[in-house]
Amino acid sequence: TDTDGTYWVVVFGPGINGPGTGCATVDDITIQIQVVVPIDAECASDAQIDECPTDTEINNALGTIFSGFTYDYNGETPDQGEVTETVHIVEIDGVPQNPTILIDPTTYSASDLPTWDFCDGLVVVFEYSVIDECESTDSCQATFTIDPDEEDPTASNPAPVTVECLGDIPDPDPEVVIDEADNCGI
């Protein structure tokens, strides 16, 4: 049945003249149907930060993503027990992670990010998953992007040197370049 209520259950003993001819016992049972309400995982918007970020800028962007991971029951408040929340890294720079990497968003920071360099930038896809004791489950993803540094470093060439013999060519000396610069400071 799919309706709440009290129902009678009748059990017949085998009986001498075959099944169902023996003694019967009657008992009642109360059935209460609990409809499982779907859980809804919600993710923050993706976060994209400019090239050459500081650890503080990275941590702020990660914090924005992680604080946006929430769930609800579409306005309802069912009693479906404890909800388990997990966050995994499912993709790094377009490469699916198998197995995925479980992280703790309460402690995850810039120093925990996969190895990356300023020239290439970084793209990490986080997946937020929720499941309650009634096995209602949902997940969503948020992408964290650090833009690549596409601005080349600069430096002036040293003054030309004139030599008369091949043996007079000086060894390379990086110390003669004094105005090198990089927008990322590296």
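As the structure is a computational prediction, the values presented were derived from the model and not from experiment.
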Can you tell me how far [atom2] of [Y] sits from [atom1] of [X], rounded to the nearest 0.5 angstrom?
X: Asp28; Y: Thr6; atom1: CG; atom2: OG1; value: 6.0 Å
X: Asn59; Y: Ser111; atom1: CG; atom2: OG; value: 7.5 Å
X: Leu122; Y: Thr115; atom1: CG; atom2: OG1; value: 9.5 Å
X: Thr154; Y: Asp182; atom1: OG1; atom2: CG; value: 8.0 Å
X: Ile49; Y: Asn60; atom1: CD1; atom2: CG; value: 9.0 Å
X: Tyr71; Y: Thr84; atom1: OH; atom2: OG1; value: 9.0 Å

I want to check something: taking the side chain as every heavy atom from C-beta on, are [X] and [Y] in contact at a cut-off of under 4.5 Å?
X: Ile58; Y: Leu113; answer: yes
X: Asp138; Y: Pro38; answer: no
X: Asp46; Y: Gln48; answer: no

### Same cluster (ILVMFWY, side-chain, under 4.5 Å), Ile146 and Val125
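Cluster IDs for Ile146 and Val125 differ.
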
### Hphob cluster co-occupancy, Val37 + Val83, side-chain heavy atoms under 4.5 angstrom
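Linked within one cluster.
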
### Query
Would the number of heavy atoms belonging to other residues, nucleotides or ligands and lying under 6.0 Å from CG of Asn74 be above 12?
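Buried by this count: over 12 neighbours within 6.0 Å.
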
Grab the two heavy atoms, one from [X] and one from [Y], that are nearest each other, plus how far apart they are.
X: Pro148; Y: Cys119; value: CB-O, 3.2 Å
X: Gln80; Y: Ser136; value: NE2-CB, 3.9 Å
X: Thr107; Y: Asp112; value: O-OD2, 3.5 Å
X: Phe69; Y: Cys43; value: CE2-SG, 3.4 Å
X: Ala142; Y: Ala44; value: CB-O, 4.0 Å
X: Phe144; Y: Ile65; value: CB-CD1, 3.7 Å

### Query
For Asp132 and Tyr73, does a side-chain donor sit closer than 3.5 Å to a side-chain acceptor?
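Judged by distance alone, the side chains do pair up.
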
### Pairs involving residues 120-130, ordered by first then second residue, that meet side chain to side chain donor-acceptor pair (under 3.5 Å) (sequence neighbours left out)
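Every pair satisfying side chain to side chain donor-acceptor pair (under 3.5 Å) with a residue in residues 120-130: Glu85-Tyr128, Glu127-Gln141.
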
### Query
Using a side-chain heavy atom cutoff under 4.5 Å and only I, L, V, M, F, W and Y, what cluster partners does Ile169 have?
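Its cluster partners, ordered by chain and number, are Val161, Val163, Leu166.
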
### Query
Are Trp116 and Val124 close enough, and set up right, to give a side-chain contact (heavy atoms from CB on, under 4.5 Å), and what steps lead you there?
CA-CA 11 Å; Trp116 64 285; Val124 178; over 6 Å; no

I'd like a table of donor-acceptor pairs (distance under 3.5 Å, sequence neighbours excluded) in which one partner is a side-chain atom from residues 89-101, with atom names and distances.
residue	atom	partner	partner atom	Å
Asp93	OD1	Val123	N	2.8
Gln97	NE2	Val95	O	2.9

### Task
Step by step, work out the side-chain contact (heavy atoms from CB on, under 4.5 Å) result for Asp55 and Ser109.
CA-CA 8 Å; Asp55 281 356; Ser109 68; over 6 Å; no

